[in-house]
Amino acid sequence: MSLCATASREAAEPLAGTAATARTWLLVEQTGPWGAKALTASHLDPALGRALETAAKGTGVRVALIRRPGRHADRHDATRHRLFLAHTAPGRSWIRTTTVADPQPALGLDFAALGAGEHGDLWEPYAGEPLVLVCTNGKRDRCCALLGRPLAADLAAAGTEVWEVTHIGGHRFAPTLFVLPYGYAYGRTSLSLAADAVAAARSGRIALDHCRGRSTWDRPAQAADLAVRELLGEDRADVLDVVRTDRLLPQPPSPQAPTRSQDPSPQAPTRPQDPAPSPGSTSPQTPKPPHDTTSRDTARHDTAVTDEEAPAWTVTVAHSDGRAWRVTVEQRADGVPAPASCGAPLDPPARMAVTAVTAVTATEDSTALSG
């Protein structure tokens, strides 16, 4: 049986810059089986699921269903639903929670405010262990069920505050892990790696091994954040922020200019298992909430691009101690062909390639950080 996760691993597809993009997550507990599009194919009222999806669109909020690990009988008798809201921006991350008999009132949430990080004292603050989400939706991709469900069960047996989740992106990186409140995602996750990620989150840090990026940002910024972290050995979750992302205009080729495949600038340090940071998709420009000044350029995730149209960005990453770096990121499609999910055709996966990390000098500092 051919699995997309096996193909991705054998192709050494990079992990960095592949996390789903969402500043805020709305998680709705729903027991029983899930379909491929779980919000409208589960025991949740499909009209409610469709309305939640519509209400969240374009706000920076992502809606997903969760359930506790274990055997999932086809039950219709669930009487209570745990709900979580989690915002992931650096220095402003929070989790709020409530338990309801009917999740219908979630439609009344102010999604635009939540996407901007304003909870308005809604529900109760969550003060428990870091929330761990493992994608297990086999109807969406069989790798998530075959690899994700055993990991979720093992984490639950170890006492971790773990939930199964419908989709956090990147089937081919299964088992995939997502840790709140900081919103960093992980791929090809072992039990020991998951334990390290949870332990790090308890102390306000992140585990860099197998990290895919912070969902707060679009994928070029995710790759830039991780490249600076690798350069500095920095694992404190909230000391780095992405303050600016600028799309680079394509330059006409010249006889002396190196081709894209020649990597004209040295790459920032990357993890041994991640030869270079990976896939890139960002959304169109929208008004930006506080602490989210990234520009929303378009670039399809998991879609191959030609050299002529391959996008590139400069991302400014700032440290809380006043230092800053400009990171050059290119979207490339020069990897080994592999399926984006089980049953998909073999295509070179799009990836985020970090080609330069440059410290911003004191004279450039005010310009770079002002946007």
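In terms of modelled atom types and a separation under 3.5 Å, the side chain of D347 and the main chain of P349 share no donor-acceptor contact. Although no hydrogens or angles enter the test, the distance criterion places no donor-acceptor pair under 3.5 Å between the side chain of T314 and the main chain of V327. For the pair D102 (side chain) and Q104 (backbone), a donor-acceptor distance under 3.5 Å is present. Under the 3.5 Å distance criterion, the side-chain polar atoms of T216 are left unmatched by any main-chain donor or acceptor of R23. Of the possible polar contacts, none joining the T166 side chain to the A38 backbone as a donor-acceptor pair under 3.5 Å is found. In this structure a side-chain-to-backbone donor-acceptor pair under 3.5 Å is present from H81 to E29. A donor-acceptor pair is defined here as one N or O able to donate and one able to accept, closer than 3.5 Å; such a pair exists between the side chain of R219 and the backbone of A19. Proximity of a side-chain donor or acceptor of E330 to a complementary backbone N or O of V354 within less than 3.5 Å is not detected. Judged by distance alone, the side chain of R96 and the main-chain N or O of L122 form a donor-acceptor pair under 3.5 Å. The closest donor-acceptor contact from the side chain of T136 to the backbone of A145 lies at 3.5 Å or more, if one exists at all.
Taking the charged nitrogens against the carboxylate oxygens, D238 and R214 do have a contact shorter than 4.0 Å, which makes a salt bridge. Taking the charged nitrogens against the carboxylate oxygens, R172 and D141 have no contact shorter than 4.0 Å, which rules out a salt bridge. Salt bridge annotation for R62-E53: absent, with no cationic side-chain nitrogen under 4.0 angstrom from a carboxylate oxygen.
Using a 4.5 Å cut-off on side-chain heavy atoms (C-beta onward), L146 and L3 make contact. Looking only at side-chain heavy atoms (C-beta outward), V329 and T355 stay at 4.5 Å or farther from each other. A 4.5 Å side-chain heavy-atom check between R92 and E118 finds at least one atom pair inside the cut-off. With contacts defined as side-chain heavy-atom distances shorter than 4.5 Å, the pair R9/R188 qualifies. Looking at H319 and V239, their side chains come closer than 4.5 Å, going by heavy atoms from C-beta outward. When side chains are defined from C-beta on, P311 counts as touching R247, because their heavy atoms get closer than 4.5 Å. Residues L131 and P181 form no side-chain contact, since every pair of their non-hydrogen atoms from C-beta on lies 4.5 Å or further apart. Proximity of P69 to L155: side-chain heavy atoms (C-beta onward) are nowhere separated by under 4.5 Å.
Here T59 pairs with nothing under the side chain to side chain donor-acceptor pair (under 3.5 Å) rule; sequence neighbours left out. Taking R236 as the reference, E234 meet the side chain to side chain donor-acceptor pair (under 3.5 Å) condition, with sequence neighbours excluded. The side chain to side chain donor-acceptor pair (under 3.5 Å) search around W34 returns none, not counting sequence neighbours. H119 is linked by a side chain to side chain donor-acceptor pair (under 3.5 Å) to nothing, counting only residues two or more places apart in sequence or in another chain.
By the criterion of side-chain heavy atoms lying less than 4.5 angstrom apart, applied directly or through intervening Ile, Leu, Val, Met, Phe, Trp or Tyr residues, V162 is grouped together with L151 in one hydrophobic cluster. Cluster annotation: Y126 and V165 are assigned to the same hydrophobic cluster (Ile/Leu/Val/Met/Phe/Trp/Tyr, side-chain heavy-atom contacts under 4.5 Å, transitive). Both F111 and W94 are members of a single hydrophobic cluster when ILVMFWY side chains are connected at heavy-atom separations under 4.5 Å. V28 and L180 end up in different hydrophobic clusters when Ile, Leu, Val, Met, Phe, Trp and Tyr side chains are linked at under 4.5 Å. Note: the hydrophobic cluster containing V100 does not contain L27 (ILVMFWY, side chain heavy atoms under 4.5 Å, direct or indirect links).
Nearest heavy-atom pair, A22 versus T88, reported as atom, atom and distance to 0.1 Å: O-OG1, 3.6 Å. Closest approach of A56 and V61 over heavy atoms only: CB-O, 3.5 Å. Taking every heavy atom of both residues into account, A11 and V336 meet most closely at CB-CB, 3.8 Å. Summarising the geometry of A227 relative to V357, their closest heavy-atom pair is CB-CG2, 4.2 Å, with the distance given to 0.1 Å. When all heavy atoms of P130 and V179 are compared, the closest pair comes out as CB-CG1, 4.2 Å. Across L226 and C211, no two heavy atoms sit closer than the pair CD1-O, 3.6 Å.
Separation of the W123 and F84 ring centroids does not fall under the 6.0 Å cut-off.
To the nearest 0.5 Å, atoms CG (L109) and CG (L85) are separated by 6.0 Å. Taking CG of L44 as the start and CZ of R50 as the end, the distance is 10.5 Å to the nearest 0.5 Å. The line from CG of L26 to CG of L83 is 6.0 Å long, rounded to the nearest 0.5 Å. Here R351 contributes atom CZ and Q331 contributes atom CD; the two are 10.5 Å apart, rounded to the nearest 0.5 Å. Once rounded to the nearest 0.5 Å, the distance linking OG of S42 with NZ of K139 reads 13.0 Å. The structure places SG of C4 at 7.0 Å from NE2 of H171, a figure rounded to the nearest 0.5 Å.
Counting heavy atoms of neighbouring residues, nucleotides and ligands inside a 6.0 Å radius, atom CD of E161 exceeds 12 of them.
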Mind running side chain to side chain contact (heavy atoms under 4.5 Å, CB included) on F173 and L15 for me, showing each step along the way? CA-CA 8 Å; F173 303 125; L15 291 168; 3.3 Å; yes
Let's go through V63 and L39 carefully: what are the C-alpha distance in whole Å and the side-chain angles of both, what is the deciding distance for side chain to side chain contact (heavy atoms under 4.5 Å, CB included) to 0.1 Å, and is it a yes or a no? CA-CA 8 Å; V63 186; L39 285 178; 3.9 Å; yes
Criterion side chain to side chain contact (heavy atoms under 4.5 Å, CB included) on D241 and V317, from CA distance to verdict: CA-CA 6 Å; D241 199 358; V317 179; over 6 Å; no
Worked check of side chain to side chain contact (heavy atoms under 4.5 Å, CB included) between E10 and T6: CA-CA 6 Å; E10 290 177 348; T6 302; 3.6 Å; yes
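H87 and T24 share a donor-acceptor pair across their side chains, judged by distance under 3.5 Å alone. In this structure, a donor-acceptor pair under 3.5 Å is absent between the side chains of R140 and S341. In this structure, a donor-acceptor pair under 3.5 Å is present between the side chains of R212 and T18.
Applying the ring pair (Phe, Tyr, Trp, His ring centres under 6.0 Å) test to every pair with at least one member in residues 178-204, sequence neighbours left out, gives these pairs: W25-F178.
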Using atom types as modelled, flag every donor-acceptor pair under 3.5 Å from a side chain in residues 191-208 to any protein atom, sequence neighbours excluded.
| residue | atom | partner | partner atom | Å |
| --- | --- | --- | --- | --- |
| S192 | OG | S190 | OG | 3.2 |
| R202 | NE | E129 | OE1 | 2.5 |
| R202 | NE | E129 | OE2 | 3.4 |
| R202 | NH2 | E129 | OE1 | 3.0 |
| S203 | OG | A200 | O | 3.1 |
| R205 | NH1 | D235 | OD1 | 2.6 |

